[in-house]
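See below for the structure under consideration.
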Number of protein chains: 2
Amino acid sequence: MMLSTHKSEARGPYRWRRRKEARPEEIIEAALALFAEKGFSATRLDDVAKRAGISKGTLYLYFDSKEAIFRAVVETLIGPKLQAIEKRVDEFEGTNQDLLRQLVHGWWQNVGESSLSAIPKLIVSESGNFPELAEYFVKQVVKRSRKVIVHVLERGMEAGEFKKCDAKLAARLLYAPMVQTAIWKHSLNPWDDIGDVPAYLDLHLDVFFHGIASGAVKK
Amino acid sequence: MMLSTHKSEARGPYRWRRRKEARPEEIIEAALALFAEKGFSATRLDDVAKRAGISKGTLYLYFDSKEAIFRAVVETLIGPKLQAIEKRVDEFEGTNQDLLRQLVHGWWQNVGESSLSAIPKLIVSESGNFPELAEYFVKQVVKRSRKVIVHVLERGMEAGEFKKCDAKLAARLLYAPMVQTAIWKHSLNPWDDIGDVPAYLDLHLDVFFHGIASGAVKK
DNA sequence: ACTTAATAACTGACCGGGCGGTTATTTAAT
DNA sequence: ATTAAATAACCGCCCGGTCAGTTATTAAGT
């Protein structure tokens, strides 16, 4: 399935074609798919190359190392998504609760259900072996995302929409089930299927907002 | 730090001693420590042996393979803990909310703060490469644990203590932040420290119980 | 147009170190 | 003397990374 079926250029008498511009993206895509499936260490560069429809040597024309490919996957695929989210938050008009509900469900649709959902598990799994990458991810993705959520939560607290509490901890609570589900999906799902994820997230949101909307929270 | 400091038997004129009974436990302990630190693939059997104060060959007198060591870690260390929890649930007298609160905090003290907390991350990380182990873990740990929580939740629902809802999903919600925190501790914690975990769990419990204690939950 | 030279994309055989696993040998214990 | 525990040298495979050579593409020359 899909073996160098890129566009229609497998045609002709050539064994291969020169496609300098298209290669990096194809490599990144192939790598993400395999990383998601097998993890970083267990992914063989030969397999990445084969899936991208090139030879292993060609990988090294575009990336310095296996780790560089990993980094490129994270860098090129996540940035745009986050930017879109930040924009959405700025422009939103409505209650903060509705905004957060939309963000959670939107994240699941755009990230959770795509192969991007493999990245959290990848980062967690390989953080010990690639600390620089973990650091980069925390700075550029985790903290940046949490900042957005904290911002919305605090806006809601000031508006009297939510009970006042530690917004950073509350933000963690809000995304914990999401991230957890993404990680699960790429690990234990075959033996313990969550089933209807949006329903799960709905329950989470109901419990969460009712929980922070009124007087149960200390302090 | 702690290099073959098992009891005092590095002493004397002997290069080593025969300690057939003590070896397996020491190997398991050493393996868990290294697995927690480096992950499964990146852990070298030479290092496990060194940490256990023996040679690599000796490992194979007690275990068939690296994977068998992994399996032994999970099997021998988790069973007893779970059994204790099940007993506690049976014998408990008090509100179901209090029981769950105690279980959560107790879990963090007994598991979260010990090196056992590394196991969830290990399983998640290696599930792709060791599916049999993942399957075993889901059956013997995940489902068994969730069963206990579901039981308590349903008991509370029937007693009118909690709102009726899908207890299986609610159980997932309850332990998601716990498990997430354990995984975090062994991955991104150096760059994104959670800080006071009991405080985090308290906020979670407050939000959760207030959320399911009254009318916000659909259905 | 046609040939030839120059360039850059791409290939795939190869290498070397690392590591899981084995075994011939040594040593403690009885 | 015999047995069993432990060792350490050893094997062989695997895979990330390299590089000498091959092929598509482009440019120059006639």
Side-chain angles (χ1 to χ4, degrees), chain A residues 3-4 6-27 30-31 34-35 37-73 126 128-130 133, chain B residues 3-4 6-27 30-31 34-35 37-73 126 128-130 133:
Chain A
L3 212 99
S4 75
H6 300 298
K7 299 292 160 43
S8 52
E9 38 244 342
R11 297 280 110 254
Y14 306 121
R15 291 206 294 131
W16 44 264
R17 275 172 171 269
R18 308 166 88 185
R19 295 170 57 248
K20 188 182 171 73
E21 291 72 23
R23 296 303 190 202
E25 193 182 344
E26 290 169 5
I27 292 170
L34 289 170
F35 287 161
E37 186 182 330
K38 308 165 97 67
F40 181 78
S41 308
T43 295
R44 308 299 148 215
L45 289 183
D46 275 315
D47 295 335
V48 174
K50 186 178 283 180
R51 182 158 187 145
I54 56 176
S55 71
K56 188 168 63 166
T58 303
L59 292 178
Y60 284 86
L61 300 176
Y62 296 100
F63 299 97
D64 289 341
S65 65
K66 194 184 186 186
E67 187 177 348
I69 296 177
F70 194 164
R71 188 180 290 265
V73 167
E126 307 292 348
N129 306 114
F130 302 92
L133 189 67
Chain B
L3 211 98
S4 75
H6 299 297
K7 300 290 158 45
S8 53
E9 40 244 343
R11 295 282 110 254
Y14 305 123
R15 290 210 292 133
W16 45 263
R17 273 171 175 268
R18 306 167 82 177
R19 292 169 58 248
K20 190 182 170 76
E21 292 73 23
R23 296 303 189 202
E25 192 182 344
E26 291 169 5
I27 292 170
L34 288 169
F35 287 162
E37 187 183 330
K38 311 164 94 64
F40 182 76
S41 308
T43 295
R44 307 301 148 211
L45 289 183
D46 278 314
D47 295 336
V48 174
K50 186 178 285 180
R51 181 156 187 146
I54 56 176
S55 72
K56 188 170 62 167
T58 303
L59 293 178
Y60 283 86
L61 298 176
Y62 297 99
F63 299 97
D64 288 341
S65 65
K66 190 185 186 185
E67 188 177 349
I69 297 177
F70 194 164
R71 188 180 291 265
V73 167
E126 307 292 347
N129 305 115
F130 303 92
L133 188 68

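Each chain gets a letter, A, B and so on, in the order the sequences are listed, and its residues count up from 1.
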Inset, instruction - Take the protein atom NZ of A:K50 and the nucleotide atom C1' of D:dC15, then report the distance between them rounded to whole Å. - result: 14 Å
Inset, instruction - Report which part of the nucleic acid A:I54 touches: base, sugar-phosphate, or nothing (heavy-atom distance under 4.0 Å, all strands). - result: sugar-phosphate
Legend entry - B:L61 CG - C:dT27 P separation (whole Å): 17 Å
Inset, instruction - Supply the atom-to-atom distance B:T43 OG1 to B:F70 CZ, rounded to the nearest 0.5 angstrom. - result: 9.5 Å
Inset, instruction - Pick base, sugar-phosphate or nothing for B:F63, based on heavy-atom distances below 4.0 Å to the nucleic acid. - result: nothing
Inset, instruction - Taking the side chain as every heavy atom from C-beta outward, state whether B:E126 and B:F35 have any pair of such atoms under 4.5 Å apart. - result: no
Inset, instruction - Examine the base of C:dG20 for any acceptor or donor lying under 3.5 Å from a partner atom in the side chain of B:K56, and report the outcome as yes or no. - result: yes
Inset, instruction - Looking at every strand, decide which applies to B:L45 at a 4.0 Å heavy-atom threshold: base, sugar-phosphate, or nothing. - result: sugar-phosphate
Inset, instruction - Check whether any side-chain nitrogen or oxygen of A:Y62 sits under 4.0 Å from OP1 or OP2 of C:dC10, and answer yes or no. - result: yes
Inset, instruction - Examine D:dA6: is either OP1 or OP2 under 4.0 Å from a nitrogen or oxygen in the side chain of B:R23? Give yes or no. - result: yes
Legend entry - Between C:dA8 (C1') and A:E21 (CD): distance, integer Å: 12 Å
Legend entry - Nearest non-hydrogen partners of B:K38 and B:A42, listed with the distance: O-CB, 3.3 Å
Inset, instruction - On DNA chain D, check which nucleotide each of A:D46 and A:R18 is closest to and give me the residue with the more 5' one. - result: A:D46
Legend entry - Nearest-angstrom distance from the residue atom CD of B:E26 to C1' of D:dA5: 14 Å
Legend entry - Length of the CZ-C1' vector between A:F40 and D:dG16, whole Å: 10 Å
Inset, instruction - Check whether any side-chain N or O of A:R15 sits under 4.0 Å from OP1 or OP2 of C:dG12, and answer yes or no. - result: yes
Legend entry - Residue pairs involving residues 53-70 of chain A (criterion salt bridge (Lys or Arg N to Asp or Glu O under 4.0 Å); sequence neighbours excluded): A:D46-A:K56
Legend entry - Side-chain N,O (A:T58) to OP1/OP2 (C:dA9) below 4.0 Å: no
Inset, instruction - Please check the phosphate of C:dA9 (OP1 and OP2 only) for any side-chain N or O of A:R19 closer than 4.0 Å. - result: no
Inset, instruction - Find the distance A:Y60:OH to D:dC19:C1' and express it as a whole number of Å. - result: 13 Å
Inset, instruction - Compare all side-chain heavy atoms of B:I27 with those of B:T58 and state whether any distance is below 4.5 angstrom. - result: no
Inset, instruction - Report the distance from atom CH2 of A:W16 to atom C1' of C:dA8, rounded to the nearest whole Å. - result: 9 Å
Inset, instruction - Considering just the side-chain nitrogens and oxygens of B:S55, establish if one lies under 4.0 Å of OP1 or OP2 belonging to D:dT7. - result: yes
Legend entry - Any B:R44 side-chain nitrogen or oxygen under 4.0 Å from OP1 or OP2 of C:dG20: yes
Inset, instruction - Using atom NZ of B:K66 as one end and atom P of D:dC13 as the other, report the distance to the nearest whole Å. - result: 19 Å
